[in-house]
Amino acid sequence: MLPPAFFARDVVAVARDLIGVGLFVDGVGGLIVEVEAYDPFDPASHAFNGPTKRNAPMFGPPGHAYVYRIYGMHWCLNFVCGEQPGSAVLIRALEPAVGIETMAERRGTGSLKLLCSGPGKLCQALSVTGAQNGAALDTPPFALTPAPAAEDIAVGVRIGLTKAAETPWRFGRVGSPYLSKPFR
DNA sequence: GTATCGATGATCT
DNA sequence: GATCATCGATACC
């Protein structure tokens with residue numbers, strides 16, 4: 001398990017270090033291959049305009065989940081990070097490892113590449129919903145395991161943003177077939 | 001491989 | 001009333 005101190009560091013450093021980390025919910029999940037960082041001074045962040053009802057977990061202690069609904073139909077999972085309140089890392093893609101049958105059933109596809117290759121997809125595959133909002137990441141149903149080896153990290157601009165679209169805070173495993181989108 | 005579009009509803013101004 | 005940290009289908013290259 002990753003200790004709370006892992007998350008209580010600069011959010012961009014944590015984002016980089018999350019590549020290769022194992023993420024499991026009730027034993028189902030895989031290795032993180034793509035993330036994005038958001039800090040409170042970032043116009044694209046939900047925390048930019050200060051605390052609201054929705055973003056409350058971002059201003060709580062690091063090492064907890066921030067789960068929100070986007071476009072009225074998908075869930076997105078973030079890890080609350082940083083030394084200062086209001087920072088988080090969006091988990092964008094996993095390499096499926098454990099519970100592939102379960103994930104395939106929840107996603108309605110047999111294609112490995114379509115199970116967790118996007119923030120909304122991996123939440124559906126791991127059954128992450130608002131029920132996990134604010135939950136600690138070092139207690140069930142969550143389980144996080146350290147990256148087995150040093151990773152070759154790709155860097156790029158974040159996806160789907162209209163604000164701060166040029167900030168290069170998207171990180172991923174070089175060459176992974178399980179990314180939401182290739183790095184350029 | 002990339003581009004565009006519609007679905008769909010909570011959140012915030 | 002506008003805005004989305006998305007997905008899947010379709011079209012095209």
Side-chain angles (χ1 to χ4, degrees), chain A residues 7 10-12 14-16 18-19 21 23 25 30 32-60 62 64-82 84-96 103-135 137 154-184:
Chain A
F7 299 98
D10 175 76
V11 66
V12 174
V14 176
R16 270 193 61 106
L18 278 171
I19 303 302
V21 165
L23 166 62
V25 178
I32 296 172
V33 295
E34 182 185 343
V35 299
E36 287 175 357
Y38 293 85
D39 85 6
F41 309 107
D42 173 6
S45 173
H46 290 174
F48 184 63
N49 289 311
T52 65
K53 181 168 185 179
R54 175 177 67 163
N55 69 20
M58 293 183 78
F59 292 90
H64 288 239
Y66 166 44
V67 184
Y68 66 91
R69 220 199 242 293
I70 187 66
Y71 294 106
M73 53 179 103
H74 302 291
W75 296 101
C76 286
L77 170 65
N78 296 250
F79 295 168
V80 177
C81 296
Q84 304 298 331
S87 303
V89 175
L90 170 68
I91 310 303
R92 286 195 56 90
L94 305 181
E95 175 179 326
M103 292 192 278
E105 196 173 316
R106 289 168 177 165
R107 291 274 304 121
T109 176
S111 169
L112 257 192
K113 291 186 185 176
L114 297 180
L115 290 186
C116 302
S117 54
K121 296 179 193 178
L122 73 88
C123 282
Q124 187 182 14
L126 303 206
S127 202
V128 171
T129 69
Q132 281 81 44
N133 192 30
L137 296 171
V155 182
V157 297
R158 297 172 296 182
I159 292 180
L161 301 185
T162 56
K163 299 174 231 167
E166 72 290 348
T167 304
W169 280 1
R170 174 178 180 237
F171 304 96
R173 170 186 285 167
V174 170
S176 171
Y178 303 104
L179 302 171
S180 67
K181 196 180 163 197
F183 283 82
R184 190 41 34 140

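First the proteins, then the strands, lettered A, B, ... as listed; each starts at 1.
Between the C1' atom of B/dA10 and the CD1 atom of A/I70 lies a distance of 9 Å, rounded to the nearest Å.
The side-chain hydrogen bond (donor to acceptor under 3.5 Å, both in side chains) test applied to A/Y66 returns A/H46, not counting sequence neighbours. Checked against salt bridge (Lys or Arg N to Asp or Glu O under 4.0 Å), A/R158 has the following partners two or more places apart in sequence or in another chain: A/D42. Under the rule for a ring-ring contact (aromatic ring centres under 6.0 Å, His included), the partners of A/F79 that lie at least two apart in sequence or sit in another chain are A/F7. For A/F59, the side-chain contact (heavy atoms from CB on, under 4.5 Å) partners are A/A47, A/P51, A/N55, A/P85, not counting sequence neighbours. Applying the side-chain hydrogen bond (donor to acceptor under 3.5 Å, both in side chains) rule to A/S180 yields the partners A/E34, A/R92; only residues at least two apart in sequence or on another chain are considered. Listed by chain and number, the residues in a salt bridge (Lys or Arg N to Asp or Glu O under 4.0 Å) with A/D39 amount to none (sequence neighbours excluded).
Pairs engaging residues 104-121 of chain A under the salt bridge (charged side-chain N to carboxylate O under 4.0 Å, His left out) rule: none recorded [sequence neighbours left out]. Under the salt bridge (charged side-chain N to carboxylate O under 4.0 Å, His left out) criterion, the residue pairs touching residues 172-184 of chain A are A/E95-A/R173, A/E151-A/R173, with sequence neighbours excluded.
A nucleotide of DNA chain C counts as in contact with chain A when one of its atoms lies under 4.0 Å from a heavy atom; the first and last such, 5' to 3', are C/dC4 to C/dG8.
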side-chain contact (heavy atoms from CB on, under 4.5 Å) assessment of A/V67 paired with A/N78 | CA-CA 6 Å; A/V67 184; A/N78 296 250; over 6 Å; no

Start with the C-alpha distance between A/L126 and A/L23, add both sets of side-chain angles, then the distance that settles side-chain contact (heavy atoms from CB on, under 4.5 Å), and finish with yes or no.
-> CA-CA 9 Å; A/L126 303 206; A/L23 166 62; 4.1 Å; yes

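Atom SG of A/C76 is separated from atom CG of A/L90 by 5.5 Å, given to the nearest 0.5 angstrom.
The stretch residues 45-55 of chain A comes close to DNA chain B through A/T52, A/R54, each having a heavy atom under 4.0 Å from the strand.
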Distances under 3.5 Å between protein N/O atoms and the N/O atoms of nucleotides 1-5 of chain B, please, pair by pair.
unit_1	atom_1	unit_2	atom_2	d
B/dT2	OP1	A/R184	NH2	3.2

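Counting only Watson-Crick or G-U wobble pairs whose defining distances are both under 3.5 Å, the stems of 3 or more consecutive pairs in DNA chain C are B:1-7 with C:6-12, B:9-12 with C:1-4.
Closest heavy-atom contact between A/G156 and A/F183: N-CE2, 3.8 Å.
Nucleotides of DNA chain C nearest to A/K121 and A/T162 differ in position, and the one nearer the 5' end is that of A/T162. Both A/G160 and A/L114 lie close to DNA chain C; mapped to their nearest nucleotides by heavy-atom distance, the more 5′-ward contact belongs to A/G160.
The shortest side-chain heavy-atom distance between A/V12 and A/Y38 does not fall under the 4.5 Å cut-off.
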